[in-house]
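There's a structure below that I have some questions on.
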Amino acid sequence: MTNKTSDSKDKQAEGSPSELIDARIEALDDWRGETLARIRTLIKKADPEVIEEWKWRGVPVWSHAGIICTGETYKTAVKMTFAKGASLEDPSRLFNASLEGNTRRAIDLHEGDEIDERALMALIRAAVALNIQKKPSAARRSP
């Protein structure tokens, strides 16, 4: 007897992270898929060296010397959670969620929201710079 639940989970987990993100965007087939695709494009434009990952049973993650942000999808929002958002300057006030925490900050995008592309790409670049700055150098790691 086959367990359909685990079979579907196994199939969902097959493929590279980029392929899994492609599949998620296609499966959403509404404004959330369009929004996730748009922020993905902006992340890649802001940081051509970004690494796409698939973590926590289905969350798109973008990294460069550490996690930059995630792209979670909910019924009424696409949430970009910046791993070290509390340490980032946000002069355009993009962060509008998870403001009470000591580390993360998030941007909730809802249907019809306009994305300030220039400000978002600046925030992504700042997150990458912070990750690179905080990454221990080889000299400091060796005894």
Side-chain angles (χ1 to χ4, degrees), residues 4-143:
K4 290 183 181 183
T5 306
S6 65
D7 284 353
S8 64
K9 284 181 184 175
D10 292 343
K11 287 178 184 171
Q12 181 185 14
E14 290 177 8
S16 72
S18 293
E19 292 169 335
L20 293 168
I21 295 169
D22 288 340
R24 168 66 51 83
I25 289 168
E26 188 175 323
L28 288 167
D29 195 30
D30 62 9
W31 69 270
R32 296 170 303 159
E34 293 169 13
T35 301
L36 187 60
R38 185 70 193 133
I39 58 178
R40 180 191 200 188
T41 297
L42 293 172
I43 291 166
K44 289 179 172 186
K45 187 174 178 183
D47 181 16
E49 296 178 21
V50 72
I51 296 167
E52 294 190 314
E53 299 177 275
W54 189 257
K55 295 187 177 205
W56 309 296
R57 295 185 178 168
V59 176
V61 177
W62 291 275
S63 298
H64 185 149
I67 294 175
I68 300 168
C69 66
T70 62
E72 303 144 73
T73 52
Y74 300 97
K75 190 173 186 174
T76 61
V78 174
K79 180 184 285 288
M80 291 181 73
T81 302
F82 284 74
K84 298 176 186 164
S87 298
L88 298 174
E89 295 290 323
D90 182 22
S92 297
R93 298 183 181 266
L94 296 178
F95 291 130
N96 61 7
S98 304
L99 301 175
E100 65 283 344
N102 293 329
T103 306
R104 293 183 295 274
R105 294 283 185 273
I107 302 169
D108 282 354
L109 298 162
H110 300 94
E111 187 171 11
D113 283 354
E114 291 290 321
I115 298 173
D116 184 338
E117 295 181 4
R118 175 180 245 150
L120 182 58
M121 289 194 309
L123 200 57
I124 292 161
R125 288 184 189 112
V128 171
L130 181 63
N131 284 352
I132 291 170
Q133 172 190 343
K134 297 224 176 189
K135 190 81 171 174
S137 70
R140 282 190 273 167
R141 282 193 305 239
S142 57

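We're numbering straight along the sequence, starting at 1.
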Please report the closest heavy-atom contact between W56 and T70, naming both atoms and the distance.
CZ3-CG2, 3.8 Å
Could you check if a side-chain atom of I124 sits within less than 4.5 angstrom of a side-chain atom of K45, using non-hydrogen atoms only?
no
State which residues pass salt bridge (Lys or Arg N to Asp or Glu O under 4.0 Å) with D22; sequence neighbours excluded, sorted by chain then number.
R40
Could you verify whether a donor N or O on one side chain and an acceptor N or O on the other, from H64 and N131, lie under 3.5 Å apart?
no
Which atoms form the tightest heavy-atom contact between G71 and V59, and what is the distance?
N-CG1, 4.5 Å
For A37 and I25, the nearest pair of non-hydrogen atoms, with its separation, is CA-CD1, 3.7 Å
Looking at E117 and R38, does any basic side-chain N land under 4.0 Å from a carboxylate oxygen?
yes
Compile the donor-acceptor pairs under 3.5 Å between side chains in residues 93-104 and protein atoms, sequence neighbours left out, one pair per line.
residue	atom	partner	partner atom	Å
N96	OD1	D108	N	2.7
N96	ND2	D108	O	3.1

Measure from the side-chain N and O atoms of R105 to the backbone N and O of K84, and report whether any donor-acceptor pair falls under 3.5 Å.
no
Using the rule side-chain hydrogen bond (donor to acceptor under 3.5 Å, both in side chains), only one of S16, S18, S63 pairs with E52; which is it?
S18
For R118, does the CZ atom sit with more than 12 other heavy atoms under 6.0 Å from it, leaving out its own atoms?
no
Can you check whether V61 reaches W54 side chain to side chain, under 4.5 Å on heavy atoms?
no
Hey, could you give me the CG/NZ distance between L36 and K79, rounded to the nearest 0.5 Å?
14.0 Å
To the closest 0.5 Å, what do you measure between CG (L88) and CZ (F82)?
7.5 Å
Do I107 and T81 have side-chain heavy atoms sitting under 4.5 Å apart?
no
Contact summary for T76 and H110, nearest pair of heavy atoms:
O-CD2, 2.8 Å
What distance do L130 atom CG and E89 atom CD have between them, rounded to the nearest 0.5 Å?
11.0 Å
Going from CD on E34 to CD on E111, what distance comes out if it is rounded to the nearest 0.5 angstrom?
9.0 Å
Between I39 and L109, is any pair of side-chain heavy atoms under 4.5 Å apart?
yes
Between Y74 and R32, does a side-chain contact (heavy atoms from CB on, under 4.5 Å) hold up when you go through it step by step?
CA-CA 8 Å; Y74 300 97; R32 296 170 303 159; over 6 Å; no
Going through the checks in order, is the side-chain hydrogen bond (donor to acceptor under 3.5 Å, both in side chains) test met by W62 and E53?
CA-CA 6 Å; W62 291 275; E53 299 177 275; over 6 Å; no
Separation between CG (D47) and NZ (K44), nearest 0.5 Å, reads 11.5 Å
